[in-house]
Amino acid sequence: MTPPIYDRVALIGLGLIASSMAHAMKQFGLAGEIVGYAKTEETRRTAVEIGICDRVFATAGEAVQGADLVVLAVPVGAMAEIAADIGPHLSQGACVTDVGSVKQAVIEAVAPHIPEGVAFVPAHPLAGTEHSGPRSGFATLFQNRWCLLTPTEKSTPDATTRLRRLWEAMGSNVDEMDAPHHDLVLAVVSHTPHLIAYTMVGVADHLRRVSNSEVIKYSASGFRDFTRIAASDPTMWRDVFLTNKEATLDILGRFTEELFTLQRAIRMGDGDELHAYFTRTRAIRRSIIEAGQDTAAPDFGRAVPAKKPSE
Ligand code: NAP
């Protein structure tokens with residue numbers, strides 16, 4: 001059997017992403033030992049109980065001592081405080097990474113606390129579900145998903161290569177880019193779509209209250225898919241919008257312009273414009289399937305839940 005990539009991995013934050021990493025690292029033998037820290041006693045206890053951590057600590061500082069990889073897997077808004085806590089306790093030669101959904105703000109929050117002799121290699125796995133907490137993780141979350149590394153001046157080539165090996169061993173495809181580019185790309189493919197989903201579900205909720213219509217009962221695939229995205233963790237997404245402000249506002253501005261174009265086409269009865277637009281967007285869906293990032297199965301391959309006896 002090949003030796004583990006890291007002797008001791010310290011997971012700071014023990015939610016969906018950290019627990020999925022723990023399951024994958026254990027399944028593929030990638031870490032000699034996994035230790036952890038989370039804010040609440042309950043999460044720390046659960047982490048040991050379900051076996052994602054061999055040991056947990058009451059402070060982040062204690063958890064990182066002796067670790068050769070430290071993974072910051074807390075909400076983006078908590079990164080600065082955690083980095084300040086762990087800075088003095090990091091071991092020489094260690095690598096600190098994070099999994100935050102925004103990169104520039106995390107680098108600004110974390111880099112000042114990284115001492116000489118410690119590498120910092122930011123990362124972002126483009127994988128997730130709408131569930132949170134230590135029990136929501138699973139080993140295959142990162143399979144065939146992208147993980148983007150955004151190296152900084154505190155990243156050494158050795159530390160970056162080793163971290164890349166870890167993500168590849170957990171099933172990810174790995175790419176490198178600079179942090180501003182990452183934040184713009186993510187504003188297009190993830191952050192703004194989430195905001196739109198939150199808004200659409202908000203509109204439907206408002207409508208339901210106002211007209212007592214049957215939005216929930218008859219929710220078909222379009223609305224239902226929005227509700228899945230809009231069920232994502234409120235803390236995480238609040239922090240994403242507060243920290244990727246400029247790129248999100250840029251993309252939202254472009255979105256609004258496109259929306260006005262379609263609104264005008266509908267008002268003017270311009271079927272050709274609508275048809276051409278939807279033909280272009282359909283081709284994008286096809287290319288996502290061809291790239292292996294979703295399935296072509298109808299309704300995204302989900303089964304319809306069994307009927308409730310009362311229905
Ligand atoms: P999660 O399931 O909500 O878990 C968050 C963890 O962070 C919990 O263990 C929580 O501890 C801990 N935590 C929160 N505030 C803390 C603080 N101030 N100090 C110490 N621990 C704290 O979150 P997640 O979905 O794994 O997300 C973690 C990170 O990954 C975020 O930065 C997010 O942007 C990024 N990310 C998420 C996704 C996704 O789809 N979910 C995808 C890619 C990247 P308690 O349980 O004790 O409160």
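Whatever order the structure lists them in is the order used to number ligands and atoms, beginning at 1.
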Any salt bridge between [X] and [Y], counting N to O under 4.0 Å?
| X | Y | result |
| --- | --- | --- |
| E116 | K154 | no |
| D54 | K26 | yes |
| R164 | E176 | yes |
| R285 | D294 | yes |
| D158 | R162 | no |

Short list, please: which atoms of ligand 1 are under 4.0 Å from a heavy atom of [X]?
| X | result |
| --- | --- |
| H124 | 43 (C), 44 (C) |
| S132 | 2 (O), 3 (O) |
| G100 | 32 (O) |
| Y37 | 20 (C) |
| G15 | 1 (P), 2 (O), 4 (O), 6 (C), 9 (O), 26 (O) |

Residues at least two apart in sequence or cross-chain that pass ring pair (Phe, Tyr, Trp, His ring centres under 6.0 Å) with F120, listed by chain then number, are none

Apply ring pair (Phe, Tyr, Trp, His ring centres under 6.0 Å) to H23 and list each qualifying residue two or more places apart in sequence or on a separate chain. none

With [atom] as the reference point, say which of [options] has the nearest heavy atom.
| atom | options | result |
| --- | --- | --- |
| atom 6 (C) of ligand 1 | I82, T43, L14, T243 | L14 |
| atom 43 (C) of ligand 1 | G128, P125, P134 | P125 |
| atom 31 (C) of ligand 1 | L72, V74, T59 | V74 |
| atom 17 (C) of ligand 1 | E81, R135, K39 | K39 |
| atom 36 (N) of ligand 1 | A38, S190, G13, S101 | S101 |
| atom 18 (N) of ligand 1 | A47, G36, A78 | A78 |

Quick one: nearest non-hydrogen protein atom to [atom], plus distance?
| atom | value |
| --- | --- |
| atom 26 (O) of ligand 1 | I17 N, 2.9 Å |
| atom 15 (N) of ligand 1 | P75 CD, 3.7 Å |
| atom 42 (C) of ligand 1 | A127 O, 3.0 Å |
| atom 35 (C) of ligand 1 | V99 O, 3.2 Å |
| atom 28 (C) of ligand 1 | A73 O, 3.3 Å |

Under 3.5 Å: N/O of [X] near N/O of ligand 1:
| X | value |
| --- | --- |
| M236 | no |
| L16 | yes |
| S136 | no |

From the options R45, E62, R44, select the one residue that forms a side chain to side chain contact (heavy atoms under 4.5 Å, CB included) with V56. R44

Where the side chain of R228 meets the backbone of T129, is there a donor-acceptor pair that is under 3.5 Å apart?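 No, because the side chain of R228 does not come within donor-acceptor range (under 3.5 Å) of the backbone of T129.
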
Residue that, paired with K103, satisfies side chain to side chain donor-acceptor pair (under 3.5 Å) out of D98, D183, D178: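 It is D98; the other options fail the test.
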
In terms of relative ring orientation, are W237 and H194 parallel, tilted or perpendicular, with 30° and 60° separating the classes?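 Plane angle under 30°, so parallel.
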
Rounded to the nearest 0.5 Å, what separates atom CG in L184 from atom NE2 in H191?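 It is 11.0 Å, given to the nearest 0.5 Å.
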
